[in-house]
Number of protein chains: 2
Amino acid sequence: MRLTTKGRYAVTAMLDLAIHYEDGPITLADISQRQGISLSYLEQLFAKLRRKGLVDSTRGPGGGYRLSRIPAEIPVADVIIAVDEKLETTRCGGLGNCQEDERCLTHDLWTELSDQIYNFLSGISLGNLVSRQTIQDVAARQDGNQKINLDTVERETVAVS
Amino acid sequence: MRLTTKGRYAVTAMLDLAIHYEDGPITLADISQRQGISLSYLEQLFAKLRRKGLVDSTRGPGGGYRLSRIPAEIPVADVIIAVDEKLETTRCGGLGNCQEDERCLTHDLWTELSDQIYNFLSGISLGNLVSRQTIQDVAARQDGNQKINLDTVERETVAVS
DNA sequence: ACTTACCCGAGTGTTTTAGTCAAGTATATT
DNA sequence: AATATACTTGACTAAAACACTCGGGTAAGT
């Protein structure tokens with residue numbers, strides 16, 4: 001298994017979408033600003049999320065992305081897998097051909113660990129996360145910062161022009 | 001978190017030591033042969049395992065490595081951590097300064113996942129693994145193969161000379 | 001027409017991985 | 001004492017993965 005920024009960013013972005021689920025389509029620019037993830041990188045991630053059917057997109061002004069299902073029906077595990085991060089910890093990918101076509105000594109251990117991780121992340125949905133107070137707190141902070149940042153940008157734009 | 005061959009090899013090698021716990025010091029050459037891990041790489045890993053106090057070494061002929069404690073008292077988690085693989089899945093290393101010195105939206109999720117993984121791997125000791133039938137089966141196969149390989153080497157050596 | 005915003009592929013510097021190689025040092029046996 | 005064994009250390013490296021960026025599209029709204 002490897003959990004890198006790719007998987008973490010994907011979950012973060014999807015959670016942002018879940019938090020603003022009632023607000024209609026959300027642009028990647030918004031997510032980029034709130035979560036501090038580069039726009040180009042988000043585009044790359046959402047291409048995969050869309051192909052896997054986790055989000056729907058609408059183009060043009062007023063467009064953006066929205067979750068394809070209600071947040072409660074999207075497990076975190078699905079998001080991570082959608083962007084090609086494997087929750088597998090075996091070297092052989094679970095095939096059991098780790099040592100000269102036979103199982104290596106620790107094959108079963110890694111399989112159990114993989115199951116453990118998968119079960120944990122399958123049991124937590126985006127909806128579940130949204131309902132947590134700690135998450136709401138962070139979200140509130142981000143909305144505040146976003147407003148401040150926008151003000152700053154506007155002021156700076158005015159100052160330059 | 002990243003679980004790569006480094007951590008997997010370390011656990012495999014330590015488990016090999018646990019299986020042959022009663023046989024006195026085991027050489028890295030033996031482990032290399034049985035587990036199919038390069039000798040030089042094992043040396044690198046055991047340098048760390050030794051520094052962390054998980055194994056004792058004796059030099060010279062008849063020397064080798066042995067576990068510093070009985071297998072039942074060595075959790076798998078300790079082995080992985082000893083070779084510098086982190087079981088952490090947060091980006092910030094658990095510090096909570098993931099987004100501009102504050103917590104990112106998914107900080108708690110990754111912390112919980114890290115705990116989950118750590119608890120699982122702490123609950124399993126090398127002794128626990130040794131007592132499993134599936135592991136014994138693989139070990140028996142490896143001992144057989146090792147003998148066969150040695151025979152082959154001997155025969156080849158004779159054939160060449 | 002023009003802007004917005006998604007869409008897509010190729011490219012790229014940096015870091016990590018998974019080792020190798022070379023040169024030791026300590027110990028036991030002959 | 002000589003020799004072989006086996007641990008010990010550090011430097012080095014090819015290849016892969018990571019974390020992006022860049023540049024040009026295409027569709028939809030106003």
Side-chain angles (χ1 to χ4, degrees), chain A residues 1-13 17 23-33 35-68 80 83-86 88-89 91 93 98 104, chain B residues 1-13 17 20 23-33 35-68 80 83-86 88-89 91 98 104:
Chain A
M1 176 215 188
R2 51 169 192 275
L3 184 57
T4 62
T5 50
K6 207 201 296 184
R8 278 191 293 254
Y9 280 174
V11 174
T12 302
L17 241 45
D23 305 354
I26 306 293
T27 67
L28 293 187
D30 280 349
I31 300 176
S32 168
Q33 198 155 83
Q35 307 306 332
I37 306 171
S38 108
L39 181 59
S40 317
Y41 202 40
L42 278 175
E43 286 176 345
Q44 216 175 94
L45 297 178
F46 273 82
K48 288 181 178 178
L49 294 170
R50 203 179 70 91
R51 265 179 245 133
K52 301 287 164 67
L54 290 175
V55 294
D56 294 326
S57 63
T58 36
R59 293 175 146 196
Y65 287 94
R66 77 185 81 193
L67 299 181
S68 63
I80 297 174
V83 293
D84 293 335
E85 301 231 285
K86 315 233 178 299
E88 263 292 330
T89 56
R91 187 179 211 189
C98 359
C104 70
Chain B
M1 176 216 189
R2 52 173 192 274
L3 183 57
T4 63
T5 50
K6 207 201 297 184
R8 278 193 293 256
Y9 279 175
V11 175
T12 302
L17 241 45
H20 300 92
D23 304 355
I26 306 293
T27 66
L28 293 186
D30 280 348
I31 299 177
S32 168
Q33 198 154 82
Q35 307 305 333
I37 306 170
S38 109
L39 180 60
S40 315
Y41 201 40
L42 279 175
E43 287 174 345
Q44 218 175 92
L45 297 178
F46 273 82
K48 288 182 177 175
L49 294 170
R50 202 179 72 92
R51 263 179 248 132
K52 300 287 165 64
L54 290 175
V55 294
D56 294 326
S57 63
T58 36
R59 294 175 146 196
Y65 287 95
R66 77 185 80 194
L67 300 180
S68 64
I80 297 174
V83 293
D84 293 334
E85 300 230 287
K86 313 230 179 304
E88 263 292 329
T89 57
R91 188 180 211 188
C98 358
C104 70

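To find a chain, count down the sequence lines: A is the first, B the second, and so on, and within it residues start at 1.
Without hydrogens or angle criteria, B/Ser32 side chain to B/Ser38 main chain gives no donor-acceptor distance under 3.5 Å. Judged by distance alone, the side chain of B/Ser68 and the main-chain N or O of B/Gly53 form a donor-acceptor pair under 3.5 Å. Under the 3.5 Å distance criterion, the side-chain polar atoms of A/Arg8 are left unmatched by any main-chain donor or acceptor of A/Ile80. Remark: side-chain polar atoms of B/Glu85 are not paired, donor with acceptor, to backbone N or O of B/Lys6 under 3.5 angstrom.
What separates CD of A/Glu85 from P of D/dA17 is a distance of 13 Å, to the nearest Å. Atom-to-atom, CG of A/Asp56 to C1' of D/dA27 comes out at 16 Å; the value is rounded to the nearest Å. Atom CG of A/Leu42 is separated from atom P of D/dA19 by 14 Å (rounded to the nearest Å). Atom CD1 in A/Ile37 sits roughly 17 Å away from atom P in D/dC18 (whole-Å rounding). Taking atom CG on A/Leu3 and atom C1' on D/dA19, their separation rounds to 14 Å, with Å as the unit. Between the P atom of C/dA18 and the CZ atom of A/Arg2 lies a distance of 11 Å, rounded to the nearest Å. Atom pair B/Glu43:CD and C/dA23:P shows a separation of 15 Å (rounding to whole Å applied). Rounded to an integer number of Å, the gap from A/Phe46 CZ to C/dC7 P is 11 Å.
Checking the phosphate oxygens (OP1, OP2) of D/dA19, no side-chain nitrogen or oxygen of A/Ser38 falls inside 4.0 Å. One finds no side-chain N or O of B/Arg51 lying less than 4.0 angstrom from the OP1 or OP2 phosphate oxygen of D/dT8. Taking only side-chain nitrogens and oxygens, A/Tyr9 comes nearer than 4.0 Å to OP1 or OP2 of D/dC20. OP1 or OP2 of C/dC8 has at least one side-chain nitrogen or oxygen of A/Arg50 nearer than 4.0 Å. Contact annotation: B/Thr4 side-chain N/O to C/dT16 OP1/OP2 distance is not under 4.0 Å. Applying the 4.0 Å criterion to OP1 and OP2 of C/dC7, one finds that A/Tyr65 has a side-chain N or O inside that range. OP1 or OP2 of C/dC7 lies within a sub-4.0 Å distance of a side-chain N or O belonging to A/Ser57.
Between B/Gln44 and B/Leu28, the residue anchored closer to the 5' end of DNA chain D is B/Leu28, taking for each the nucleotide with the nearest heavy atom. Taking for each of B/Leu39 and A/Ala47 the nucleotide of DNA chain C with the nearest heavy atom, the 5'-most of the two is the partner of A/Ala47. Map A/Ser40 and A/Thr58 each onto its nearest nucleotide of DNA chain D; the residue landing nearer the 5' end is A/Ser40.
Nearest to the side chain of A/Arg91, among D/dT8, D/dC20, C/dG19, sits C/dG19. Side chain of A/Arg59, nearest nucleotide from D/dT8, D/dT26, C/dA5: D/dT26.
Ring geometry, B/Tyr65 versus B/Phe46: the interplanar angle falls from 30° to 60°, so the pair is classed tilted.
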